[in-house]
Amino acid sequence: MKEFFSQCEKAVLEGDKERSVRLAGEALEKGHDILGVIEKGFSVGVRGAGALWEQGEYFLPDLAFAAEAMKAAMAILQPELAKKGGGRTRGRVVLGTVQGDIHDIGRSLVTTMLLANNYEVVDLGADVPDERFVSEVAAHRPHVLGMSAMLTTTMSGQARVIALLEENGLRDDVKVIVGGAPTSESWAEEIGADGHGESAVAAVRLAGALLED
């Protein structure tokens, strides 16, 4: 199995979506341990891509391609894993891009990196209304809420959602992380968020740190 895990890892590291899909299908056909294939194969690859990006050896497109390869494999493996009761999870995270903002890439990277690190993720997509963030937090009771904003004209949505969480008595039950090009650590402090993720890798690390508090 080590060789198979290595192939899965390499497919993601190289951003080879087709090979990732083929290997995921092969894992199902041969009855391999799905959780093991994810944790020791594909996830190792995407975490490795994140490390290479931090070291300056990968550029953002390389990380994006690796994330897409990982997502393609997970789309095949997760339904089977769910049938068997899922796997170990480090926590539940709700993610979304704020209202008026249709940017997807950054949030999608965070979603994939979280999945690779054994988090349960509810991805709400882009252009999410303020009220929906609140209703999803109430419904899913996540440990962490992550909000992305890529425009200076939409980043105020992050502040509005935090205010709504407070109004609805939900703020103390969830850690809030904000991210996106115009945001910063000082912005996070200003609006009462628990932290700022300057990149997908940093956001995952921050989620882990907040859950350990």
Side-chain angles (χ1 to χ4, degrees), residues 35 38-39 43 46-47 50 67 70-71 74-75 77-79 81-82 84-150 154-180 183 185 187-213:
L35 188 59
I38 293 171
E39 292 185 342
S43 291
V46 81
R47 288 197 296 269
M70 169 77 179
K71 284 173 66 177
M74 292 296 286
L77 298 175
Q78 274 191 314
L81 189 63
K84 298 179 179 179
R88 295 182 296 276
T89 177
R90 295 179 64 183
R92 182 180 301 113
V93 181
V94 168
L95 289 177
T97 304
V98 297
Q99 190 166 11
D101 200 322
I102 61 172
H103 291 84
D104 256 340
I105 295 176
R107 193 201 67 258
S108 293
L109 282 173
V110 174
T111 294
T112 304
M113 296 297 291
L114 285 167
L115 290 171
N117 283 272
N118 302 323
Y119 288 92
E120 178 187 345
V121 183
V122 179
D123 190 341
L124 305 180
D127 192 16
V128 181
D130 302 344
E131 295 77 9
R132 188 180 174 205
F133 276 113
V134 177
S135 64
E136 295 290 347
V137 167
H140 294 285
R141 294 291 173 175
H143 301 91
V144 176
L145 168 65
M147 293 184 286
S148 173
M150 294 298 292
T154 61
M155 61 190 288
S156 60
Q158 297 173 333
R160 292 197 305 271
V161 171
I162 291 175
L164 283 173
L165 289 173
E166 291 174 347
E167 289 176 18
N168 287 272
L170 297 169
R171 180 64 184 90
D172 292 339
D173 300 328
V174 63
K175 300 292 187 181
V176 179
I177 295 175
V178 296
T183 65
E185 190 64 45
W187 168 248
E189 292 177 6
E190 180 182 335
I191 65 175
D194 294 292
H196 171 256
E198 63 181 357
S199 69
V201 176
V204 174
R205 186 181 298 118
L206 177 58
L210 289 173
L211 292 183
E212 289 174 3
D213 285 348

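Numbering of residues begins at 1 and proceeds along the displayed sequence.
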Any idea which heavy atoms bring Val93 and Tyr119 closest together, and the distance? CG2-CD2, 4.0 Å
Could you state the interatomic distance from CD (Glu136) to CG (Asp123), rounded to the nearest 0.5 Å? 11.0 Å
Would you check if Val137 and Pro142 make a side-chain contact, meaning some heavy-atom pair closer than 4.5 Å? yes
Not counting sequence neighbours, which residues clear side chain to side chain donor-acceptor pair (under 3.5 Å) with Thr154? List them please. Asp101
Partner residues of Ala193 under the side-chain contact (heavy atoms from CB on, under 4.5 Å) criterion, sequence neighbours left out: Ile162, Val176, Val178, Ala188, Ile191
Separation between CG (Leu115) and CE (Met70), nearest 0.5 Å, reads 6.0 Å
Is the shortest heavy-atom distance from the side chain of Asn118 to the side chain of Glu39 under 4.5 Å? yes
Report yes if some heavy atom in the side chain of Met113 is under 4.5 Å from a heavy atom in the side chain of Val110; otherwise report no. no
Is there a salt bridge (Lys or Arg N to Asp or Glu O under 4.0 Å) between Asp127 and Arg132 once you walk through the steps? CA-CA 10 Å; Asp127 192 16; Arg132 188 180 174 205; over 6 Å; no
His196-Thr183 side chain donor-acceptor pair, cut-off 3.5 Å: yes
Establish, from distance only, whether the side-chain atoms of Arg107 and Ser148 form a donor-acceptor pair under 3.5 Å. no
Which pair of non-hydrogen atoms, one from Ala207 and one from Leu114, has the smallest distance, and what is that distance? CB-CD2, 4.4 Å
So does Val98 get a backbone contact from the side chain of Gln158, meaning a donor-acceptor N/O pair under 3.5 Å? no
Test side-chain contact (heavy atoms from CB on, under 4.5 Å), reference Arg171, set Leu165, Leu145, Val161, output is Leu165
Looking at OG1 of Thr97 and CE of Met147, how far apart are the two atoms once the value is rounded to the nearest 0.5 Å? 11.0 Å
Rounded distance (nearest 0.5 Å) linking atom NZ of Lys71 with atom CG of Leu109: 8.5 Å
When rounded to the nearest 0.5 angstrom, what distance separates CG in Leu206 from CD in Glu198? 10.5 Å
Answer yes or no: is there a side-chain heavy-atom contact under 4.5 Å between Ile102 and Asp104? no
Please report the interatomic distance CD(Gln99) to CZ(Arg160), rounded to the nearest 0.5 Å. 6.0 Å
side-chain contact (heavy atoms from CB on, under 4.5 Å) with Val144: which of Val94, Ile177, Val121? Ile177
Residue Glu185 excluded, over 12 heavy atoms near CD under 6.0 Å: yes
Could you list the residues that satisfy side-chain contact (heavy atoms from CB on, under 4.5 Å) with Arg141, not counting sequence neighbours? Leu170, Asp173
